[in-house]
Amino acid sequence: MAQYLAFWPAPNAGLDSSGDVGNYRVATNQIGNENFYTGKIDHHFSSRDSLAGTFLYDNTDLSQPDALNNLHFVNEDARTFSSIEETHVISPTVVNTVRLGFSRNHAISNTSDPINPLAGDPSLGSVPGRPAPFLIVPTWTNFYGGVGGFPNFVIGWNSFQLYDDAFVTRGKHALKFGFALERMQSNNFMHFTQNGRFVFASVQDFLTNNPRVYSVQLPSGETERGLRETLFGGYVQDDWRILHNLTLNFGLRYEATTVPTEVHGRLANLRNMTDTQMHLGDPYFDNPTLKDFSPRLGVAWDPFGTGKTALRAGFGVYDILPLPYTILISGAGSAPFTVAPTLVRPGAGTFPNSAYDLALNAVAQGPLVSERVSYFEPHPPRSLTYNWNLNLQQELLSNTKLTLAYVGSRGVHLPYHTDDANIVLPTATDAGYVWPSGDAYQNGTVLNPSVGDINRTAYDADSYYHSLQVGYEQHFRRGLQIRGAYTWGRSIDTGSSTLAGDQFSNSPSSLPLWFDPKTRRGLSDFNLSHDGVISLLWDTPGVKTGSALLHWAANGWQAGSIFQASSGSPFSVLIAGDPLGMNSTDPWDYPDRLRTAGCGSLVNPGNPNNYIKLECFSAPVQTFQTSSGPQQQIVRLGNTGRNALVGPGLSNLDFSLVKNSKLAGIETASVQFRAEVFNILNKSNFAAPLDNDTIFNQDGSGADGAGVVDQTQTTSRQIQFGLKILF
């Protein structure tokens with residue numbers, strides 16, 4: 001194992017307070033290139049007909065080292081958009097527009113260019129001819145593997161769009177109706193674990209070569225997926241001006257999609273999670289969108305008729321459509337079209353090579369044995385959100401507006417994804433969910449022994465959101481503008497991930513407790529309780545007299561600044577390894593929260609070396625009798641729950657300075673110079689301790705380095721210059 005320790009650099013920034021954990025710091029370069037092109041053309045054929053066209057092309061690449069400075073993450077994205085719109089005035093009260101659009105994205109994500117030569121050395125590989133595998137060791141920074149070891153992909157997205165909108169005015173009614181048609185193509189080539197992936201339950205298990213999980217994607221299962229889907233929508237809307245100061249808005253929208261298909265029929269999933277055979281081809285699931293009629297209602301009222309006060313309210317139903325992204329990963333990673341065996345507890349000494357041979361042997365035993373499969377709810381219900389708002393806007397003084405608003409939503413039957421639902425199921429007791437104990441500890445049988453891990457997507461999540469929002473806007477004399485916005489809100493759900501188990505960086509790697517949504521209920525992964533933004537923009541007055549040189553130097557300047565302050569994102573604290581004996585590829589447990597003095601808050605704000613109050617938690621360890629005597633075991637789900645802690649907040653100030661200059665001799669052309677400074681105060685905005693959120697080892701002992709913050713949310717001060725020619 002010693003040669004693999006070279007992937008973790010020696011400490012260069014001292015030890016933590018325990019003296020057992022070393023810190024490593026490195027300054028790296030992030031290199032990015034972007035070429036952005038845009039064009040627009042407008043033509044009026046007559047007073048009744050006009051044509052407008054837009055073209056955009058954006059090509060970007062970004063390269064940066066991984067956290068251990070072993071190799072480079074490389075991301076490339078090419079984005080193309082074009083549209084053409086024809087507007088026809090049928091009569092003074094009837095106008096029709098037709099739009100055609102095309103959008104394309106081509107994205108590549110990979111790891112390459114080893115900094116550490118060992119990251120490209122195939123002699124350290126698990127898969128023959130491949131570099132070192134992905135390694136996960138609790139309390140250590142993840143080693144993402146040698147070149148190609150981190151999940152990498154090529155994704156191509158094409159969207160063909162047709163829209164037709166008609167506008168009709170009849171007395172007090174302003175009618176709008178139309179339809180939309182979109183054809184979606186998603187062509188994806190994904191490698192999940194082509195170098196292999198080892199997960200260890202503890203540092204000791206790593207040093208003694210005792211892996212807990214091994215997974216690998218075999219070369220025979222590397223195939224492209226071409227997903228296809230069509231969307232059709234139609235709507236009608238009426239703005240009815242009942243009084244000069246009162247307008248009602250009524251609307252109804254219908255939106256439906258086809259069920260995603262794959263051009264070569266390479267889609268497969270389980271119809272029931274205990275099935276021993278896959279359902280191949282179409283339909284991937286029953287279509288839940290055929291009755292998606294969504295009403296909308298709104299009102300706008302000026303109670304005093306002065307034009308200075310506006311009271312608005314609205315309610316609408318919005319459908320969550322099963323678009324191609326919903327099956328992007330699960331559809332590309334399932335047997336039999338992708339061969340990706342997973343071994344739970346492959347055995348001591350199987351790292352790095354023997355585990356691969358064991359995986360090949362498992363596949364040879366028969367279809368689906370130890371292989372990754374997908375389960376997508378075969379009869380999904382309609383997924384939707386109910387959104388509502390009430391806001392009051394008041395003009396306080398000349399050029400000054402204040403807005404107060406309440407915004408809320410309720411989501412039902414939302415899609416929720418877990419990376420591995422094939423677990424040993426617990427027993428519900430008065431003390432909570434309990435897994436097998438005693439001699440049966442760690443020896444339970446998973447839900448479906450005929451397969452490996454089950455990527456599960458089902459429509460069994462829900463959400464709640466409520467917020468108070470305040471907006472302020474003021475225009476001063478001499479070109480100064482100030483805008484401010486503040487939101488005090490709270491979002492709660494039973495699962496925020498729809499694409500992958502760890503869709504957000506602050507999510508646990510997966511939430512396998514799919515059988516009881518109540519155990520998943522907590523703050524949404526994207527919740528920000530407080531968020532405020534203040535922006536300033538000043539068009540400097542300049543001079544009106546003097547020489548041409550003075551005019552050029554003093555005029556055309558614009559200064560701007562944006563300040564943002566927000567509370568932190570929520571996160572969870574966990575127990576490493578497989579303490580409950582779930583026997584899955586992605587197990588974990590919560591600790592218990594202690595209700596003792598000083599534990600009203602679970603964090604130490606401003607203390608990156610001990611951000612989590614470790615004294616406020618305990619591992620739910622119990623003693624059970626076994627055939628070999630008493631043994632301490634963790635068999636109960638801890639009571640801390642999901643997203644019980646909140647990470648550090650953020651405050652950031654950006655500044656920009658712009659100079660606009662006319663080009664001599666060309667009346668319609670100008671040059672714009674921009675200087676932009678991001679995080680001008682160079683503030684360190686600490687992130688949540690996501691690399692150190694495992695606070696107990698599998699045996700209940702404290703984890704080294706627990707609660708230590710090792711990342712920031714923002715970069716250090718960055719200065720950017722730009723030059724733009726407008727004509």
Item to complete: Quick one: do Ser569 and Val646 satisfy side-chain contact (heavy atoms from CB on, under 4.5 Å)? Show the steps, please.
Response: CA-CA 6 Å; Ser569 300; Val646 176; over 6 Å; no

Worksheet entry | Polar contact flag, side-chain donor to acceptor under 3.5 angstrom, Ser159-Gln161 | yes

Practice prompt. Evaluate the ring planes of Phe285 and Phe376, with Trp represented by its six-membered ring, and classify them as parallel (under 30°), tilted (30 to 60°) or perpendicular (over 60°).
Written response: parallel

Worksheet entry | Mutual orientation of the aromatic rings belonging to Phe571 and Tyr611 [parallel < 30°, tilted 30-60°, perpendicular > 60°] | tilted

Worksheet item: Judged by atom type as modelled, is there a donor-acceptor pair below 3.5 Å linking the side chain of Asn607 to the main-chain atoms of Asn610?
Response: yes

Worksheet item: Does any non-hydrogen side-chain atom of Ile320 lie less than 4.5 Å from one of Leu414?
Response: yes

Worksheet item: With a distance cut-off below 6.0 Å to the six-membered ring centre and an angular limit of 45° from the axis, does Arg99 pair with Tyr163 as a cation-pi contact?
Response: yes

Worksheet item: What heavy-atom pair brings Phe81 and Ser103 nearest, and what distance separates the two atoms?
Response: CD1-CB, 4.2 Å

Fill in: Side chain Glu377, main chain Asp460, donor-acceptor under 3.5 Å
no

Fill in: Over all atoms of both residues, closest heavy-atom pair of Leu425 and Leu447
CD1-CD1, 3.9 Å

Fill in: Where Pro570 and Asn527 come nearest, the two heavy atoms and their spacing
CD-O, 3.4 Å

Worksheet item: Salt bridge or not for Glu473 and Arg483, using N-O below 4.0 Å?
Response: yes

Discussion item. Keeping Asn105 on the side-chain end and Arg79 on the backbone end, is there a donor-acceptor pair under 3.5 Å?
Written reply: no

Worksheet item: So which of Thr714, Thr715, Thr712, Asn679 actually passes side chain to side chain donor-acceptor pair (under 3.5 Å) with Asn685?
Response: Thr714

Worksheet item: Is the side chain of Trp588 donor-acceptor paired with the backbone N or O of Leu574 at a distance under 3.5 Å, no angle test?
Response: no

Worksheet entry | No-hydrogen, no-angle side-chain donor-acceptor test under 3.5 Å, Thr457 and His417 | yes

Discussion item. Could you check whether Ser584 and Asn422, counting side-chain N and O atoms only, form a donor-acceptor pair closer than 3.5 Å?
Written reply: no

Fill in: Donor-acceptor contact below 3.5 Å, side chain Asp420 vs main chain Ile454
yes

Worksheet, complete the sentence: Note: Thr289 and Pro322 closest approach over all heavy atoms is CG2-CD, 3.5 Å

Fill in: Distance flag, aromatic centroids of Tyr318 and Tyr386, threshold under 6.0 Å
no

Worksheet item: Of all heavy-atom pairs between Tyr254 and Leu290, which one has the smallest distance, and what is that distance?
Response: OH-O, 2.8 Å

Practice prompt. State, without any angle test, whether Asp319 and Ser294 hold a side-chain donor-acceptor pair at a distance under 3.5 Å.
Written response: yes

Discussion item. Is the shortest side-chain heavy-atom distance between Pro620 and Asp589 below 4.5 Å?
Written reply: yes

Discussion item. Regarding Asn389 and Asn387, do their side chains bring together a donor and an acceptor under 3.5 Å, going by distance alone?
Written reply: no

Worksheet, complete the sentence: Rounding to 0.5 Å, atoms CD1 (Ile575) and OG1 (Thr640) come to a distance of 8.0 Å

Discussion item. Check Asp516 with Arg521, please: is the shortest side-chain N to carboxylate O separation under 4.0 Å?
Written reply: no

Practice prompt. Starting at CG of Asn455, measure out to OG of Ser330 and round the result to the nearest 0.5 Å.
Written response: 6.5 Å

Worksheet item: Can you check whether Gln185 reaches Arg228 side chain to side chain, under 4.5 Å on heavy atoms?
Response: yes

Worksheet item: Do Asn639 and Arg593 meet the criterion of a side-chain donor-acceptor pair at a distance under 3.5 Å?
Response: no

Worksheet item: Which pair of heavy atoms, one from Arg642 and one from Gly495, lies closest together, and at what distance?
Response: NH1-N, 3.7 Å

Discussion item. Working note: Asp493 + Tyr465, criterion side-chain contact (heavy atoms from CB on, under 4.5 Å); need CA distance, chi angles, decisive distance, verdict.
Written reply: CA-CA 9 Å; Asp493 62 31; Tyr465 175 72; over 6 Å; no

Fill in: Electrostatic pair Asp292:Arg253 at N-O distance under 4.0 angstrom
no

Worksheet entry | Side chains of Ser374 and Asn269, donor plus acceptor under 3.5 Å | no

Worksheet item: So, Thr309 versus Gln394: side-chain donor-acceptor pair below 3.5 Å or not?
Response: yes

Worksheet entry | Any Thr257 side-chain heavy atom under 4.5 Å of Thr230 side chain | no

Worksheet item: Centre of Tyr416's six-membered ring, under 6.0 Å away, within 45 degrees of the axis: is that where NZ or CZ of Arg520 sits?
Response: yes

Worksheet item: Looking at side-chain heavy atoms only, is the closest gap between Ser109 and Asn75 below 4.5 Å?
Response: yes

Item to complete: Measure the shortest side-chain to side-chain distance between Val95 and Thr87 over non-hydrogen atoms and say whether it is less than 4.5 angstrom.
Response: yes

Worksheet item: Okay, side chain of Ser567, backbone of Leu528: is any donor-acceptor separation there less than 3.5 Å?
Response: no

Item to complete: To the nearest 0.5 Å, tell me how far Ser383 OG sits from His413 NE2.
Response: 8.5 Å

Worksheet item: CH2 of Trp157 to CG of Asn188: how many Å apart, nearest 0.5 Å?
Response: 9.5 Å

Discussion item. Within the 4.5 Å heavy-atom criterion, are Phe476 and Asn399 side-chain neighbours or not?
Written reply: no

Discussion item. Using side-chain heavy atoms (C-beta onward) and a distance below 4.5 Å, is Asn158 in contact with Arg183?
Written reply: no

Discussion item. Is it true that Arg410 and Ser463 share a donor-acceptor pair across their side chains at a distance under 3.5 Å?
Written reply: no

Discussion item. As an exercise, state the distance from CZ of Phe678 to CG of Leu653, rounded to the nearest 0.5 Å.
Written reply: 12.0 Å

Discussion item. For the backbone of Ser491 and the side chain of Ser524, can you confirm whether one donor and one acceptor N or O come within less than 3.5 Å of each other?
Written reply: yes

Worksheet entry | Parallel, tilted or perpendicular: rings of His530 and Trp488 (30°, 60°) | parallel

Worksheet entry | Asp165 bridged to Lys176 by N-O distance under 4.0 Å | no

Worksheet, complete the sentence: The reported gap from CG in Asp77 to CG in Asp58 (rounded to nearest 0.5 angstrom) is 7.0 Å

Worksheet item: Could you walk me through whether Tyr433 and Phe515 pass the ring pair (Phe, Tyr, Trp, His ring centres under 6.0 Å) check?
Response: CA-CA 11 Å; Tyr433 285 109; Phe515 50 85; 5.1 Å; yes

Fill in: Met184 and Leu323: CA distance, side-chain angles, deciding distance, side-chain contact (heavy atoms from CB on, under 4.5 Å) verdict
CA-CA 9 Å; Met184 293 165 280; Leu323 299 178; 4.0 Å; yes

Worksheet item: Does a sphere of radius 6.0 Å around NZ in Lys613 hold more than 12 heavy atoms from other residues, nucleotides or ligands, not counting ones at 6.0 Å or beyond?
Response: yes

Worksheet item: Passes side-chain contact (heavy atoms from CB on, under 4.5 Å), Leu537 versus Ile482? Steps please.
Response: CA-CA 7 Å; Leu537 185 65; Ile482 180 171; over 6 Å; no

Worksheet item: Would you call the rings of Tyr406 and His466 parallel, tilted or perpendicular if under 30° counts as parallel and over 60° as perpendicular?
Response: parallel

Worksheet item: According to the interplanar angle, ranging from 0 to 90°, do the rings of Phe315 and Trp388 count as parallel (below 30°), tilted (30 to 60°) or perpendicular (above 60°)?
Response: parallel

Worksheet item: Does a donor on one side chain sit under 3.5 Å from an acceptor on the other, for Gln474 and Tyr472?
Response: yes

Item to complete: In plain terms, say whether Asp239 and Lys172 are close enough for a salt bridge, that is, a side-chain N and a carboxylate O under 4.0 Å apart.
Response: no

